[in-house]
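A short write-up of the structure that comes next.
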Amino acid sequence: MLRVEGLSHAFKNGNETTLVLQQIDFRVNKGDMVALLGSSGSGKSTLLNLMAGLMKPTEGSIYIADHNIVKMNENKLAEFRREHIGFIFQAYELIPNLTVRENIELPLVFQSTRPSIRKQKALKLLEQVGIPDKGEMFPSQLSGGQQQRVSIARSLITEPSVIFADEPTGNLDTKTEEEILAILKHLNKTMNTTFIIVTHEREVAQQTQHIITLRDGLLEKSQPAVEMDKLPVEEAVH
Amino acid sequence: MRVSDLTRLSWDQVRRRKVVTMLCAAGLSIGCAAIILAMSIGESTQKIVETQLTSYLKMDEITVMPDNGASAGPGSQSTASDEVKNRGKLSDQKVEIMRNIKHVKAVAAMQQLSYMQMTTSDDKQAYAEVIGTDLNSLEAFGNTYWQGSASDAPNSVVISYGTTLGLINEEEQNKLFDAMNLNPGDPALQEQYMTMMTTPSALYQKQIQLMNNDQDNKRKTSEALRVVGVLKKPKGVSDMQIANDRKIYVSIETANRLREQLMQSSGEETANDTYNQVTVKVDAEENVKQVEEQIKKLTLNTQSNLLQKESLEEQFAVFKSIAVGAGVFILIIASISIIVAMTMSTYQRRRQIGIMKVLGANLSQIRNMFIVEAALLGLLGGLLGVLFSYWIVWGINALILSMSTGEENMSIFIPLTAIPVGLAFAVMTGIISGIYPAVSASRTDALTAIKRD
């Protein structure tokens, strides 16, 4: 489903070159829920941006649904993202002047889907994320947890091949964090959607099936979450 | 992306950003209103001037004169000159041919005698232009009778409505003029003069006489003439203008007699079967040129008022171009405000643009959203401009009405073509001004835009 091969990325700052990712290789199967775990500066966000096609790597290939996204131009990538990639942001990133339902429908708007079909799908997803009565409200009228549920529903509306979640619980309290993770796990199971969750929290990563640990731009470990659970805290996250 | 979604998303921004929308729409509305007003004032003034021109100059009439050829040079043979004159005579035969030309409605000889003093039986006096013509043809030339009708009876005259105005006896006239000379600014005297000039006298079936001074300054008085018809008061012209249009129509025979009675012989008698001048009435203005060309083939000189109209149209075209140019200039200035406002808006919304790009919006979709937004601003400005121009025209008309005597039919109207033209200019200005911000928005780097510090 997702294949990362020999991926390296360097930032240039004047004459100085900083290598942020080095020779990363891993694969994620369809329906997997994978965590990219690492501390600040480990390169996990850069890796997420590269996999989402928001940046071009210095070296290597990224295959999503057998398409090498590294070779795609900006418009092709936009089209590809529209069809195959879903996004969940840490700060939800909902459009404030659109209603909750309109926010969820937005990716389908760019696909020119008929309004009636969009509405039907959005209402179904609102039910799945547990806020069926909030469709006509505006994001500012919702709590953080509810806004993240909207963001999850929006990421699912195009039925993408993979959903990237960037610190999805980073702005939430513990109780809401648990609720959101439960929703993600439920959706992963029921809809067989592939999730890649970027996090620096070991507890969040442990909710997934597989954990890829990054340290100083290198892939340190790639192991099932259950195995990590057995390690002491210091070793699990550097 | 569906057009309805594009419009909805763009309209949402227009509605939400009230201050930006208001500023942009205000600038555009002024430009749009300026264009509509320029076109309206241009068209209305042209129409008013044309109507007045038509009422005086008669656009559908051709004046035909004999073609005497170029003046003979000193060495030229007089017989050759006479031959040219004979060929160019305005004869009965040629008048008959003219009557049968396609699009000709009527042909009548018009002999302008001169301005002469007219005296009524109760000693009131005024000056009028005496014209000899076929009285029965007056109706064919667009005149209608208010009182009476044409008559073949000898010494019959038909007078224009203006001839009935401003009649006053000599003593009263001298008294009024003396008082006016002493107090030129006195409004009461001005009012008295205006009332005198616009008060009609009953002349129908009355007797009048014409007077003229000969070369020896001897006053000659004509035989008594009877007013058998008074023409209708023209519409859309003020009483003062009507009072200046004073005409007395007599038959050709009467005109010849009056010439003998009142004027010195010119020594060049007109033969009975030829005319000095003939007027041809054409069924429509657009056929005048064609008829004129055919008449010229009869070795006759023609004169119509088309040239005056064409020159008037040229002058108005220049005026309209200048006025529309001023409107376009205002729109260009307004477009700068749109560029600035929308560029700022692009900067403020770059995070939103970034999110949309991450969610799958491509370059053209982002660009189109901004262009539609600019077009909507243009449309809004245009609609406001239409509203403003109606208000301004209404104001101008109210001002004209309050300043006029109510006789003139002078008002500014908005031609139907001006509204789509004004709207199109406003929308086009919006779109053109929106191109740069739209392109700039579409080039926003999604990653930079969504990054939080």
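Throughout, protein chains are lettered first and strands after them, A, B, ... in sequence-line order, and every chain is numbered starting at 1.
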Let me know if [X] has heavy atoms under 4.5 Å from chain A in its side chain, its backbone, both or neither.
X: B:R8; answer: side chain
X: B:L6; answer: neither
X: B:R16; answer: side chain

Gap separating the [atom1] atom of [X] from the [atom2] atom of [Y], nearest 0.5 angstrom:
X: B:M356; Y: A:L106; atom1: CE; atom2: CG; answer: 5.0 Å
X: A:N97; Y: B:Q13; atom1: CG; atom2: CD; answer: 5.0 Å
X: A:L94; Y: B:I355; atom1: CG; atom2: CD1; answer: 8.0 Å
X: B:K357; Y: A:E74; atom1: NZ; atom2: CD; answer: 4.0 Å
X: A:L108; Y: B:M1; atom1: CG; atom2: CE; answer: 12.0 Å

Between [X] and [Y], which heavy-atom pair has the shortest distance, and what is it?
X: A:E93; Y: B:I450; answer: OE2-O, 4.3 Å
X: A:A78; Y: B:A361; answer: CB-O, 3.8 Å
X: B:L363; Y: A:N75; answer: N-OD1, 3.3 Å
X: A:S112; Y: B:R2; answer: O-NH1, 3.7 Å
X: A:R82; Y: B:N362; answer: NH2-ND2, 3.1 Å

In terms of heavy-atom contacts, does [atom1] of [X] have more than 12 from other residues, nucleotides or ligands at under 6.0 Å?
X: A:N192; atom1: CG; answer: yes
X: A:K76; atom1: NZ; answer: no
X: B:Y436; atom1: OH; answer: no
X: B:F329; atom1: CZ; answer: no
X: B:M344; atom1: CE; answer: no
X: A:N73; atom1: CG; answer: yes
X: A:K124; atom1: NZ; answer: no
X: A:Q120; atom1: CD; answer: no

ask   = After noting the C-alpha distance and the side-chain angles of A:R154 and B:L359, does the key distance pass the side chain to side chain contact (heavy atoms under 4.5 Å, CB included) rule?
value = CA-CA 9 Å; A:R154 183 178 65 184; B:L359 295 178; 3.8 Å; yes
Stepwise side chain to side chain contact (heavy atoms under 4.5 Å, CB included) test for A:L54 and B:D445 = CA-CA 9 Å; A:L54 299 174; B:D445 179 49; over 6 Å; no
Check: A:F110 main-chain N/O paired with B:Q365 side-chain donor or acceptor under 3.5 Å = yes
inquiry  = As an exercise: rank A:G86, A:A52, A:P96, A:P115 by heavy-atom pairs under 4.5 Å with chain B and give me the winner.
reply    = A:P115
Given that the side chain runs from C-beta out, which part of [X] has a heavy atom under 4.5 Å from chain B: side chain, backbone, both or neither?
X: A:F80; value: neither
X: A:E102; value: side chain
X: A:S155; value: neither

inquiry  = Is any side-chain heavy atom of B:V358 closer than 4.5 Å to one of A:I85?
reply    = no
Residues B:D5, A:R114: salt bridge by 4.0 Å N-O rule = no
